[in-house]
Amino acid sequence: MAVLTLEHVTKAFTGSKKDVVAVDDVSIDIADGEFLVLVGPSGCGKTTVLRMIAGLEVPTDGEIRLDGKVINDESPKNRNIAMVFQNYALYPHMTVRENMRFGLEESADIPDAEMERKVRETAELLDIGELLDRKPKELSGGQQQRVALGRAIVRDPAVFLLDEPLSNLDAKLRAHMRTELQRIQEELRVTTVFVTHDQTEAMTMGDRIAVLSDGELQQIGTPLECYHTPANRFVAEFIGSPSMNFFEMEVQGSRLVSRAVGGRFEYHVSEQTRETIGDRAEVVLGVRPEDIIVSDDADGRHAFEAVVDVVEPMGNENNVYLTFDGENTNPETFIATVDGFKQISAGQPATVHIPEDAISIFDATTGETLRHRVLTGDLSVTLT
Ligand code: ADP
Ligand code: MG
C-alpha cells in the first residue's frame, strides 16, 4: 500500500541574483499502484518534484504525505522510496550482482542467502539473469539501464521515482523499454512517478498524466483526457505530435477572422460556439492535424483554399505543411496529416476542410480552453 499525496507543494530556491520558484503550489493525489507520468518541458520543475518526494529537497511550503503520514522532514532512508536517475551511474568496478546487492545492503539487514534470492528474482524479471557476473562496461546501454532499475526494484520500495530513465537510449530501445517498464510495473504494482519531457512517453505509459509548465500544474488526467480535452493552450500544444495548429482570430460577430491572413481565413461559427466566446474581441482557434481534411472538393462549409508548402512523408501518413496565402513566411503555416498514399506535392493548391466539431477555442490572453472539440468516446479509459 502506498498512496502518495502532494498538497500545495512549493519549492523556491534562493539564488544570489534572484529567487527561482521551481515548483509552485502543486497538488497531486497518486493512487496505490498507479503509474503517474509527470511531463513538461525542460526546466519546468519535474526533477525538483521527484527530489522532494525522495527527500533530497525539503519543500518551502505544502505537504508531502505517504499513506496519510506527512514525510516532509523524513530522511530519504526512512521513506522506503527508490529513485532511478537519468544518469544511472553504476559502480564500474562491481559486477551486476554486486551493483544490485549494494542497494539492498544499504537499505536493510538481510541474510546473505535471502539477498542472493532477491537479486536473482529481480534479474529474471528484468531479463538480465545471464548477466549477473558481468561488469557494467560489458553491457549495452539498455542492459545498464535494466541494472539501474534492478538496483531500485530489489529494495522492494513503496514508491518508485523514475527521472527520465529512458532518455539515454536510442529510439528503438526506448520504445521497447517503454513497454518493458509498463510490464514490470504492472507485475509489481508499485506506485510509480515517471518523469519525462517526452509527450509520447507520457501518452503511452501513464495511467494518468500530470502536465507541468513553469512549476505550475496545468492538468492531471488520463492520456485521452489530456489529448482531447486539454485544460488550456499549453496542454493542447504540448500533448500530441505533430502539435495542434493555432490561429489568432479576431471576433467579428459570428465570424472569426485570422489576424495574419485576413480574408483568406475566416471561420464562421455556430451560435452555440459563439456563446462560449462571450464578449472577447480575440480568441485562438485550435485544430489537430488529423482533423484537417485535405481534398480537391472546394464545396461545402468550412472549406478553405490553401497552398501546399512542404510534404513530409512518414510512410503510413504524410505531414502536409500548408499556408492560406502561398507565403511560407507567414505565421499561419499549419499542418495536416493525410493518408500516406495520397498523392500530394509542394506548390500545389489544395482545399482544406476544418469541421466545426473538430475545433477548439482558447482565450487569447490566459490560454484557458473555452470550447473543446466535440467528442463521442469515453476518455476515462486507459488503454494500457
Ligand atoms: P526539470 O527537471 O523539469 O528540467 P528542474 O526541477 O531541474 O526542472 O528545475 C526547475 C527550475 O529550478 C529550473 O529553473 C532550475 O534552474 C531551478 N533549480 C533546480 N534546482 C536548483 C537548485 N538547487 N538551485 C537553484 N535553482 C534550481
Ligand atoms: Mg529534470
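The chain is numbered in sequence order, starting from 1. Each ligand, and each atom within it, is numbered from 1 in the order the structure gives.
For the residue pair Gln218/Asn232, the side-chain donor-acceptor check at 3.5 Å is satisfied. Donor-acceptor pairing under 3.5 Å is lacking for the side chains of Glu98 and Tyr91. Residues Thr204 and Arg178 have side chains that bring a donor and an acceptor to within less than 3.5 angstrom of each other. Looking at Glu356 and Thr273, their side chains do bring a donor and an acceptor atom within 3.5 Å of each other.
Distance check for Thr47 against the Mg ion (ligand 2): an N/O/S atom falls below 2.8 Å.
Protein heavy atom closest to atom 9 (O) of ligand 1, with residue, atom name and distance, is Thr48 OG1, 3.8 Å. Summary of contacts: the protein heavy atom closest to atom 17 (C) of ligand 1 is Val20 CG1, 4.1 Å. If you check which protein heavy atom lies closest to atom 8 (O) of ligand 1, you get Gly45 N, 3.2 Å.
Partners of His197 under the ring pair (Phe, Tyr, Trp, His ring centres under 6.0 Å) rule, at least two apart in sequence or in another chain, do not exist in this structure.
The shortest separation from a heavy atom of Gly15 to ligand 1 is not under 4.0 Å, leaving the residue out of contact.
Remark: atom 4 (O) of ligand 1 lies closer than 4.0 Å to at least one protein heavy atom. At a distance under 4.0 Å, a protein heavy atom can be found next to atom 21 (C) of ligand 1.
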The test is ring pair (Phe, Tyr, Trp, His ring centres under 6.0 Å); show your working for Phe334 and Phe324 and say whether it passes. CA-CA 9 Å; Phe334 60 103; Phe324 285 115; 4.7 Å; yes
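Note: an N/O pair closer than 3.5 Å links Thr47 and ligand 1 by distance alone. Every N/O-N/O distance between Phe13 and ligand 1 stays at or above 3.5 Å. The shortest N or O to N or O distance between Ala22 and ligand 1 is not under 3.5 Å. The shortest N/O to N/O separation between Gly43 and ligand 1 falls below 3.5 Å.
Judged by the 6.0 Å distance and 45° axis criteria, Arg233 is positioned over the aromatic ring of Phe246.
Taking the charged nitrogens against the carboxylate oxygens, Arg264 and Glu305 have no contact shorter than 4.0 Å, which rules out a salt bridge.
Within the listing of ligand 1, atoms 4 (O) sit less than 4.0 angstrom from a heavy atom of Ser42.
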